[in-house]
There are 2 protein chains.
Amino acid sequence: MNLAPNPAFRSDSAASLLRAEILSGATAPGALLAESAVAKRLGVSRVPVREALFALEREGLVEFSPTGRAIVKALTPQDFEELFVLRLALEPLASRLAAPALKVDISRFEKNLSATRRARSVQEVTRLDLEFHQLILEASGNVRLLKLWRSLRGELELWLGRLHRSHQLQTKETLNETVDAHQSIVEAFRSHLPQPANA
Amino acid sequence: MNLAPNPAFRSDSAASLLRAEILSGATAPGALLAESAVAKRLGVSRVPVREALFALEREGLVEFSPTGRAIVKALTPQDFEELFVLRLALEPLASRLAAPALKVDISRFEKNLSATRRARSVQEVTRLDLEFHQLILEASGNVRLLKLWRSLRGELELWLGRLHRSHQLQTKETLNETVDAHQSIVEAFRSHLPQPANA
DNA sequence: CGTATTGAAACGGTATACCGAATGAACCTC
DNA sequence: GAGGTTCATTCGGTATACCGTTTCAATACG
């Protein structure tokens, strides 16, 4: 029997830990992530830490100084503008691609939608919103498009987390707008689908 | 005095060499790029080779097997379709962003355009075409958009190179279509620009 | 003849060590 | 006291070594 092909690489573990720390705000924006220090703290050598930092850079959570130092990304309002423009281009594109070719269960969308209706915190809404759009991206069938979107998702989560911690997100509006928008997308998908034979 | 901040890292050199080999077709699609072998061939250790391979993966020239082996990407027609769809989404977006905010010299575009008119090989046309669009991406001011596009550029070059080597590109049509399209884009930019005060 | 087994070679993930460059603070100069 | 210099420390880039896993071909088995 084949074992799992990936018996928990240390670099993946390191990336997960650092990712959680950054998204939770435990490590401040602009903070230096020195390889040696992180390695000692996580109990591994510098090599897997190095790879974890590269991975986090691809996710947009970390950036490198010209001399190769890894620092926690500090987002500016202009960064948010850029991300918003790109979401507004990529996500509708994914919808157009997914609509005629949708092969996966529409039930996954409905499940997400009802979970969003039951959501009780703004973090939950934003998390489910991102998940909803990721479902669209996956259904688009364009793996490169999904990759591009993923490379933005980390930064979006980073930004939303910081906004939330500074109490600049309003729950009620976010929830209603999100549910309405998702509802209409699901309807559009349903109208393009062949009639389901049964439950 | 400050020296250049980057005195030619071995990992960059390794990436450049491997990139050239892959784009020229010297290393066949699907070929294994074993770290040890490449390291010995280039006269460096495995570490910089490793980083070079990661960089090439971001560029889409290399992909990793589930067990971590790096292989030269083998493109399918579906891959080309995906790339085409994304170009068709990203490049017009960049044009729309660049048109009102264009700050850089329009002369750079004109220089590229006239070089394209003088081009005498299909490789030259495709290279100048990619460069033209990269100028637009840079003028858009959206650095994330430029990054996304860059991550596709490598794969496009890979594909075009292979098409060319199998004689599936026609020079004449490509040239005329490219020049016409670029011409109209430059005109659009010009009409949105303030009148130049002088030369 | 096709299929399972096994064993050696190859490969990737990680640890450790070394080195030059970058950094920042104490020090000196004016 | 402000600005430049020096020097010890820190940090990243690279080389080398070790180990478990994967791979693949030779071999044994049906």
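Order of the sequence lines fixes the chain letters, A, B, ..., with proteins taken first and strands second; residue numbering starts at 1 for each chain.
Going from atom CZ of A/R50 over to atom C1' of C/dT16 covers 15 Å, rounded to whole Å. Here C/dC19 presents its C1' atom at 13 Å from CZ of B/F9, a figure rounded to the nearest Å. In this structure, A/E51 atom CD and C/dT14 atom P are separated by 7 Å, rounded to whole Å. When the P atom of C/dT14 is taken as reference, atom NZ of A/K40 falls 20 Å away, rounded to whole Å. Here D/dG12 presents its P atom at 17 Å from CG of B/D12, a figure rounded to the nearest Å. Atom CZ in B/R10 sits roughly 18 Å away from atom P in D/dG12 (whole-Å rounding). Taking atom CG on B/L33 and atom P on C/dA10, their separation rounds to 18 Å, with Å as the unit.
In the hydrophobic clustering of ILVMFWY residues, with side-chain heavy atoms under 4.5 Å counting as a link, B/F54 and B/L56 come out together. With hydrophobic clusters built from ILVMFWY side chains whose heavy atoms lie under 4.5 angstrom apart, A/W159 does not share a cluster with A/F84.
A salt bridge between B/R41 and B/E21 is present, with a side-chain N of the basic residue lying under 4.0 Å from a carboxylate O of the acidic one. Between B/R153 and B/E157 there is a salt bridge, since at least one side-chain N of the basic residue sits less than 4.0 Å from a carboxylate O of the acidic one. Contact check on B/E57 versus A/R58 returns a salt bridge, with a Lys/Arg side-chain nitrogen under 4.0 Å from an Asp/Glu carboxylate oxygen. Ion pair B/K73/B/D79 not flagged as a salt bridge, since none of the NZ, NE, NH1 or NH2 atoms sits closer than 4.0 Å to an Asp/Glu carboxylate oxygen.
Where A/S65 and A/S45 each meet DNA chain C at their nearest nucleotide, the meeting point lying more 5' is that of A/S45.
Comparing D/dA15, C/dA15, D/dG12 by their closest approach to the side chain of B/V44 singles out D/dA15. Looking at the side chain of B/R46, the nearest of the listed nucleotides C/dA15, C/dG13, D/dT23 is C/dG13.
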Taking only nitrogen or oxygen atoms into account, show me every contact under 3.5 Å that the protein makes with nucleotides 5-8 of chain C, one pair per line with its distance.
none

Heteroatom pairs (N/O) under 3.5 angstrom, protein to nucleotides 5-11 of chain D:
none

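Within a 6.0 Å radius of CD in B/E63, more than 12 heavy atoms belonging to other residues, nucleotides or ligands are found.
Listed here is the closest heavy atom pair of A/L152 and B/L148: CD1-CD1, 4.4 Å.
A perpendicular orientation is assigned to the rings of B/F132 and B/F109, their planes being inclined by more than 60° (bins at 30° and 60°).
Between A/S11 and the phosphate of C/dG13, there is no side-chain N or O to OP1/OP2 separation shorter than 4.0 Å.
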